[in-house]
Amino acid sequence: MQGLGCAVRTDPDSIWSAEQAAAASADFAELHAAHGGVLWVAFDPLQARCGLFFWRDERCLELTPAAFSVRSRVYEYGGGACCATEQGAAFVNERDQQIYRIDIGVDGGAHGLGGPTSPYVITDEPHCRYGDLSFVPAWQALLAVEESHEGDAVVHRLVRIGLTGKRDVLVEGADFYAAPVADSTGQRLAWIEWDRPLQPWVATRLCQRESGERTRVLAGEAGDRSLQQPRFDAQGRLWVLSDKAGWWQPWCVDGQAQPQGAPYDHASAPWQLGGRTYLPLENDELLLTRFEQGVGVLLGCAVRTSGLDGKTIGAHYLGGPATPYERRLAGDFTRFRSLAADTEHFYCIAVAPDRLPTVLAIRRSDGALRILAGGETPLSEEHLARPQPFSCTVGEGEHCHGFFYSPVSTKERPPLVIFLHGGPTSACYPVFDPRIAFWTLRSFAVLDLNYRGSSGYGRGYRLRLAGQWGELEVEDIRAAIEALAGEGRIDPQRVFVRGGSAGGFSALRALAELPQLRGGASLYGVSDPLALRRLTHKFEADYLDWLIGDPELDAERYRRRTPLLQAEQIEVPVIFFQGALDNVVVPSQTEAMVEALRSRGLPVEYRLFAEERHGFRQAANLAEALRAEHAFYQRLI
């Protein structure tokens, strides 16, 4: 077993400090192959902003001035905040949520890249937000999801926006929209929509409108499947990810639809817009990523489907064992996002267990890899804890999953910190996490838990949380502790639990129900679900009804699962972190929980960060929170 050697003699802060861990939370998003190069968005925690970058001819240039940050706030979680246009790019500016255009001199000019012009605004709708941008050459216009705040009402639409700002409403009437896409002629429009009280990972509809025709629902009208990421291929056929067969798999909608790929999820839950985890290619091929027991893989493969004439296209169904029609790519990486391609390369944002997020180019001819940005390896192998797949039995023959990290060095069974992801319909991944590295270098083991209800393990696993939130994941935590203790991998008397947002709720629930826990941390965590339900935004307004139940019919269930009302059951110290500007979990909710525990004489710490919202972004605050949480646990072991 890793890490049962001698104790670390070097001060961990000299190897991996809280400041280094915070700075390493930098990330990439929104990657596009365009203009003979690649566009992407990079998040810099030291500036707490997202810049738009363009790489071409061995040079990388930031397009956005320092006063701009590229980030959409549609559905609060955003996504699809930029796209390539014929002369440059369009993007959503975080401050005002308006769309800006920037030209980058794609035909040459100053600085070899043409030298970007200053951004100029092309929308003037101060009550609106925009996301899921795409450029339609046939229209010479943008296609976008619009979120309009009209008094107390929030209305979502699909709109067309000309590059000079002319706006046309294309589709409205549903509660939510996502992933609008037009074919190469501009005559055929497809999109995803859904209505309250559903969430997009429960049930959505795939819709289509052709020029001169009415809207048609192509799939999902019965409310029995979740669909995402429609795409038109080079032949004009429409594809979509559907979990009709139990997993989010690519389906060719035109003709006789059938799932492509092996029975694994080929996407995560669509919390954000703009996802691109599969890509139809020329010659009836697909570039796709999928999760195999939670581990991401990237493949290029042939497809088998039926076209409009009913004839079989492609030579082989690509499921099952490796075949000449399935080629694995970038095997050292374990998560892939924002897939793109040009004639010579595949591109993606890739992450691995030993390095920071990477903008990766993969040569199509031979699979050779090239790192265009990121990809640093901040720790040597001797200081690196690698993820070990974890699974244990829970309930009546069910299993929960996750990834276990042994401490880098210890002489005894180590204390354990259990990480609980947010969502709760989200997931953790076996990639380098700077926070986990911080703990494992300080003689803590870490379990990154994908409790039942997490995405990446199929529809049944994902929907298992319906009506069970606040109990099911607590059972999984208990089972995981027992399994790890039984294998001698942890000290069961020194176990801590922590989580942010929905993960904070689960942490508080575990602290109330599991007396074996030594303490825990809630980062902007939900302590009063009913208060959250009254204040939360439209996208999640009905989510708690699905997770727990109807507030009136299931009032007793809410009472049993509300940490604020169960505070007397918590007997161990807790540390709380909260953003003063958080409009999802407002400070008063956390402060009520803090006061309820303090009134009973429990050791409680509360850190309020004046300029943070729901999810911390500023490096200095991330570092301070990490140091404070570690010091808090150290006093308890």
Side-chain angles (χ1 to χ4, degrees), residues 1-4 21 291 293-295 334-335 353 384-395 398-410 412-424 426-457 461 472-500 502-511 513-514 516-523 525 572 626 629-630 633 636-637:
M1 184 184 304
Q2 178 184 356
L4 295 183
F291 296 106
Q293 301 304 313
V295 179
T334 51
R335 192 187 178 198
L384 181 68
R386 289 185 175 269
Q388 305 165 37
F390 170 82
S391 181
C392 70
T393 302
V394 61
E398 295 185 88
H399 293 81
C400 65
H401 306 285
F403 300 94
F404 180 76
Y405 298 78
S406 295
V408 169
S409 184
T410 183
E412 55 188 7
R413 291 189 299 172
L416 173 69
V417 180
I418 299 176
F419 277 47
L420 301 174
H421 61 71
S426 186
C428 63
Y429 306 97
V431 299
F432 180 79
D433 185 326
R435 304 165 304 163
I436 290 176
F438 179 89
W439 290 103
T440 57
L441 275 164
R442 287 158 178 80
S443 300
F444 283 80
V446 171
L447 175 63
D448 215 359
L449 186 62
N450 276 329
Y451 46 80
R452 288 171 292 170
S454 303
S455 62
Y457 299 87
Y461 194 86
L472 203 71
E473 74 274 32
V474 174
E475 294 177 15
D476 292 1
I477 293 167
R478 178 190 289 112
I481 294 171
E482 292 174 355
L484 291 171
E487 296 170 4
R489 303 168 83 179
I490 62 161
D491 180 353
Q493 302 303 312
R494 296 186 294 165
V495 178
F496 302 87
V497 63
R498 50 132 30 232
F505 168 86
S506 297
L508 293 171
R509 285 288 300 129
L511 290 166
E513 297 289 338
L514 304 180
Q516 62 265 50
L517 294 173
R518 182 67 66 90
S522 170
L523 294 87
V572 294
L626 201 51
E629 186 178 353
H630 176 253
Y633 295 168
L636 301 176
I637 62 176

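As the structure is a computational prediction, the values presented were derived from the model and not from experiment.
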Nearest heavy-atom pair of [X] and [Y]: which atoms, and what distance?
X	Y	result
L626	A21	CD2-CB, 3.8 Å
H630	W439	CA-CH2, 3.4 Å
P414	S443	CB-O, 3.7 Å
A427	N450	CA-OD1, 3.3 Å
C400	V394	N-CG1, 3.9 Å

- Give a yes or no on whether the ring-centroid distance for Y451 and H421 is below 6.0 angstrom. yes

Answer yes or no: is there a side-chain heavy-atom contact under 4.5 Å between [X] and [Y]?
X	Y	value
F390	D448	no
Q516	P492	no
F444	P415	yes
I490	R413	no

Nearest-0.5 Å distance that lies between atom [atom1] in [X] and atom [atom2] in [Y]:
X	Y	atom1	atom2	result
C428	H401	SG	NE2	11.5 Å
F403	Q293	CZ	CD	9.0 Å
L384	L441	CG	CG	8.5 Å
C392	L447	SG	CG	8.5 Å
E473	S454	CD	OG	9.5 Å

Inset, instruction - Taking the six-membered ring of F404 (Phe, Tyr or Trp), confirm whether the NZ or CZ of R489 is under 6.0 Å from its centre and within 45° of its axis. - result: yes

With sequence neighbours excluded, tell me which residues meet ring-ring contact (aromatic ring centres under 6.0 Å, His included) with [X].
X	result
F496	Y633
Y429	F291
Y405	none

With the threshold set at 4.0 Å, does a side-chain nitrogen-carboxylate oxygen contact exist between E475 and R452? yes

message = Applying side-chain contact (heavy atoms from CB on, under 4.5 Å), can you list everything that pairs with I477, at least two apart in sequence or on another chain?
response =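 Scan of I477 (side-chain contact (heavy atoms from CB on, under 4.5 Å), adjacent residues dropped) gives I418, L420, L449, I481, V497, A510, L514.
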
Q493 meets the side-chain contact (heavy atoms from CB on, under 4.5 Å) criterion, sequence neighbours left out, with D491, R518

For T334 and P430, indicate whether the former's side chain and the latter's backbone hold a donor-acceptor pair under 3.5 Å. yes

message = Below 30° counts as parallel, above 60° as perpendicular, anything between as tilted: where do the rings of Y461 and Y457 land?
response =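 Tilted, since the angle between the ring planes falls between 30° and 60°.
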
- Task: Not counting sequence neighbours, which residues clear salt bridge (charged side-chain N to carboxylate O under 4.0 Å, His left out) with E629? List them please.
- Result: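 Listed in chain order: R498.
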
